[in-house]
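Structure first, commentary second.
So you know, we letter chains A, B, ... as the sequences are listed, proteins then strands, and number each from 1. What you see is a predicted model, and the numbers here were worked out from it, not measured in a lab.
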Protein chains: 2
Amino acid sequence: MTRRPTMRDVANAAGVSLMTVSRVVSGEPRVAPETIAKVEKAVRELGYQRDDIARNLRTKDRTSATIGLVLDDLANPFFATMARAVEDEARRRGYLVLVGSTNDELERERDMVSAFCAHHVDGLIVVPTAGSHTFLRARMKSGTKVVCVDRPAKGLDVDTVTVDNQEAAFRAVTQLLDHGHTRIAFLGDQHDIWTQQERFAGYLRALASRGIAKEPDLIRHGLRAKTDAHTAVLSVMGLPAPPTALFTSNDLITTGVVEGLGQLRQAGQPGTGSVALIGFDDVALADQLQPPLTVVSQDPAAIGTTAANLLFARIAGDESPPRSVVLLTRVVTRGSGELRPVAEDAAPRP
Amino acid sequence: MTRRPTMRDVANAAGVSLMTVSRVVSGEPRVAPETIAKVEKAVRELGYQRDDIARNLRTKDRTSATIGLVLDDLANPFFATMARAVEDEARRRGYLVLVGSTNDELERERDMVSAFCAHHVDGLIVVPTAGSHTFLRARMKSGTKVVCVDRPAKGLDVDTVTVDNQEAAFRAVTQLLDHGHTRIAFLGDQHDIWTQQERFAGYLRALASRGIAKEPDLIRHGLRAKTDAHTAVLSVMGLPAPPTALFTSNDLITTGVVEGLGQLRQAGQPGTGSVALIGFDDVALADQLQPPLTVVSQDPAAIGTTAANLLFARIAGDESPPRSVVLLTRVVTRGSGELRPVAEDAAPRP
DNA sequence: ATGAAAGCGCTAACAA
DNA sequence: TTGTTAGCGCTTTCAT
């Protein structure tokens with residue numbers, strides 16, 4: 001292991017000044033062709049590569065050509081797809097991407113933002129956790145651009161990319177109502193997450209629009225893992241008056257619920273074969289399930305691309321007022337959301 | 001937008017020298033308690049944060065506390081899960097992670113490694129593309145540690161984490177043979193990828209062990225996208241003598257094939273309901289399919305964790321000879337791999 | 001316990 | 001066209 005060569009080394013090897021090497025390496029125009037050749041030869045022989053860290057220190061605008069991506073969980077397909085889209089936009093512009101998962105913990109988010117800023121990221125794309133985000137103001141004041149994605153950040157007025165969560169949930173639940181369901185369960189993630197609140201609000205609004213009162217037994221929040229959802233569906237389906245339809249508020253929960261229903265069906269529990277289901281977020285193989293899964297589909301790649309474009313516009317100097325972009329979702333009708341309630345599932349007569 | 005405060009600013013505000021601020025910020029022991037208090041007050045008031053980039057420049061060992069993760073595609077659940085595991089190990093040690101997808105293109109990989117090294121990463125975890133990786137030697141000579149994961153790098157002797165691809169494929173195909181299949185199709189990704197070669201070798205070895213000759217019609221390489229797999233399965237099932245079993249060599253292909261089979265079944269094509277299938281890589285909802293999907297399952301999180309541990313050991317100074325860790329896979333038997341060939345699918349009698 | 005000087009690898013600004 | 005000087009924000013080394 002040898003010491004990494006510096007410009008000084010290249011300059012000595014090529015018999016020119018350090019400054020000339022700098023010019024050649026940076027591709028500046030006013031250098032004699034023969035000099036360029038000499039320097040490039042030395043660069044090749046020594047395996048020299050410019051130190052971007054040092055360059056960044058001296059350079060006027062202190063632009064590091066790096067952005068930070070702070071999201072909930074990189075292992076979640078939704079965020080992974082979004083991350084890939086962000087990464088592609090970054091590469092197009094010669095930017096590198098630092099990435100980190102917060103697990104929806106505010107403290108982890110703060111630490112991560114702190115570390116990213118210490119490494120001089122030019123901008124941040126953040127999936128904000130629940131809680132106040134005023135701490136980001138200081139970062140923005142010192143020049144770091146910020147874009148929020150999937151959720152707005154509390155207490156912060158910045159560019160934000162979200163989808164029409166509440167409206168989409170309203171449409172999904174309305175579709176269940178249209179097929180004759182009145183006992184519709186809501187199975188959701190932690191309720192302090194903004195998207196969950198919105199989707200739940202859409203659920204309630206749909207029920208209210210038909211004059212149906214919400215029933216606490218049919219509402220479960222805080223399902224973090226697939227197994228939580230699995231347990232929850234067994235629980236609601238075991239109620240004296242079980243729901244005839246389910247609305248699941250993200251992909252993980254949907255997956256857990258499908259597994260739970262599969263287990264009940266196999267155990268021969270009556271009625272579980274015909275319970276209707278609409279999930280938020282599309283999932284792989286949804287159309288191969290029995291019945292095929294109806295979902296509210298959002299486009300994670302488009303969300304990532306949009307956020308990245310907003311961020312790079314800011315980095316390029318855009319000073320216009322913060323924008324809020326709401327992308328549209330669509331209900332993908334495949335079958336599970338169009339099942340009608342069967343007699344044995346109906347609520348007991350008065 | 002204000003200029004970011006420096007140590008000099010803090011020193012002026014606290015009425016001490018720059019050096020004292022440096023000591024306080026770095027948590028050095030020999031500073032008077034009152035001085036610490038003064039400095040910390042100034043730090044808080046100015047919102048000062050140490051510039052890790054500058055620090056890194058002067059610091060003796062030039063350790064950036066950053067690693068680079070170079071993988072095939074971050075949107076692929078397999079790599080996303082691996083990435084999350086790497087990220088967790090990095091955070092535990094106070095390291096940041098730069099990430100990038102190569103799309104299996106050597107040039108993109110070279111550019112990315114180059115950019116990561118220019119940003120002074122202490123180490124790289126690389127899913128190497130096909131092609132010679134001797135270019136990594138220069139990086140390693142100048143101190144960057146490298147660990148390969150999922151595949152070995154051609155021409156490079158470094159720590160590598162893989163799974164028992166060939167043996168696993170052999171076992172999977174043998175299981176199909178044990179259930180009476182003789183016409184088994186192989187549906188694979190680009191054949192220049194090492195894992196694909198290994199899995200194909202396992203397939204061939206299993207056939208050979210029963211004296212079954214390989215049949216070119218039943219072998220399809222180069223399926224990059226889900227749609228390729230979809231098309232390919234329609235094609236093989238449309239052969240005059242279609243296969244009675246399929247071996248799919250990664251998660252994407254498996255998904256595409258399941259969709260293709262679903263389409264055929266719906267179209268009422270005879271025999272497609274009973275075609276056996278074993279896929280490499282587990283997929284979500286596999287047990288909810290009809291029939292439930294038998295797969296070769298590997299543990300992407302364990303792979304990522306293992307690779308990260310190897311890398312950080314190297315960064316910590318481990319100089320022992322390169323290690324090659326082979327993690328084990330297991331066949332998860334769920335049903336689709338245990339179907340027996342039915343009469344109408346059998347090859348025509350001579 | 002604190003400070004002054006030097007310099008990490010590079011570029012900005014000026015000079016030749 | 002090329003070179004010289006200064007200095008980015010910090011840590012190292014040495015002095016006090």
Side-chain angles (χ1 to χ4, degrees), chain A residues 2-40 42-43 46-65 115 117-122 142-143, chain B residues 2-40 42-43 46-65 115 117-122 142-143:
Chain A
T2 12
R3 185 180 58 84
R4 177 175 170 146
T6 72
M7 272 192 182
R8 164 116 275 129
D9 300 326
V10 177
N12 290 151
V16 296
S17 85
L18 184 157
M19 200 50 225
T20 303
V21 177
S22 171
R23 284 196 254 262
V24 172
V25 168
S26 301
E28 272 184 44
R30 292 152 198 297
V31 186
E34 321 136 26
T35 316
I36 295 186
K38 269 196 298 186
V39 171
E40 285 182 339
V43 164
L46 297 179
Y48 171 77
Q49 191 188 24
R50 183 170 65 188
D51 184 336
D52 277 6
I53 297 275
R55 169 194 167 81
N56 178 236
L57 183 60
R58 189 63 178 93
T59 216
K60 240 301 148 347
D61 52 353
R62 299 274 341 241
T63 174
S64 64
C117 287
H119 279 240
H120 264 266
V121 292
D122 296 335
S142 56
Chain B
T2 12
R3 185 178 60 84
R4 175 176 172 146
T6 73
M7 272 194 182
R8 164 115 275 129
D9 299 326
V10 177
N12 290 148
V16 296
S17 85
L18 184 155
M19 200 47 228
T20 303
V21 178
S22 172
R23 283 196 254 262
V24 172
V25 169
S26 301
E28 274 185 44
R30 292 151 200 296
V31 186
E34 319 136 30
T35 315
I36 295 186
K38 269 195 299 187
V39 171
E40 285 183 338
V43 164
L46 296 179
Y48 170 76
Q49 193 189 23
R50 183 171 64 188
D51 184 334
D52 278 7
I53 298 275
R55 169 195 167 80
N56 180 237
L57 182 59
R58 189 62 177 90
T59 217
K60 243 295 145 1
D61 52 354
R62 296 270 349 234
T63 172
S64 64
C117 287
H119 279 240
H120 264 268
V121 292
D122 297 335
S142 57

Could you check A:Thr20 against A:Lys38 for side-chain contact (heavy atoms from CB on, under 4.5 Å), going step by step and ending with a plain yes or no? CA-CA 11 Å; A:Thr20 303; A:Lys38 269 196 298 186; over 6 Å; no
Where along nucleotides 7-16 of chain C does protein come under 4.0 Å, by heavy atom, of base (B) or sugar-phosphate alone (S), with - for untouched nucleotides? BBBBBB----
Go through DNA chain D in 5' to 3' direction and return only the first and the last nucleotide with some atom under 4.0 Å of chain A's heavy atoms. D:dT1 to D:dG9
Worked check of side chain to side chain donor-acceptor pair (under 3.5 Å) between B:Asp122 and B:Thr63: CA-CA 6 Å; B:Asp122 297 335; B:Thr63 172; 2.9 Å; yes
Using atom types as modelled and distance alone, determine if a side-chain donor or acceptor of A:Asn12 lies under 3.5 Å from a backbone N or O of A:Asp9. no
Verify the contact: side-chain N or O of B:Thr35 to OP1 or OP2 of C:dT2, cut-off strictly under 4.0 Å; return yes or no. yes
B:Ser22 and B:Met7, any side-chain heavy atoms less than 4.5 Å apart: yes
Answer whether the closest heavy-atom distance between the side chains of B:Ile36 and B:Val39 falls below 4.5 Å. no
Please assess A:Arg4 against A:Asp51 for the test salt bridge (charged side-chain N to carboxylate O under 4.0 Å, His left out), listing each intermediate value before the final yes or no. CA-CA 10 Å; A:Arg4 177 175 170 146; A:Asp51 184 336; 5.1 Å; no
Distance col, row B:Leu57:CG vs B:Asp52:CG, nearest 0.5 angstrom, shows 12.5 Å
Is there a side-chain contact between A:Ser142 and B:Gln49 (heavy atoms, below 4.5 Å)? no
Using five base pairs at each end to define the local axes, how bent is the helix from C:dA1-D:dT16 to C:dA16-D:dT1, to the nearest 10°? 40°
Do the non-hydrogen side-chain atoms of A:Val21 and A:Val16 ever get within less than 4.5 Å of each other? yes
Any side-chain heavy-atom pair of A:Thr35 and A:Arg23 under 4.5 Å: no
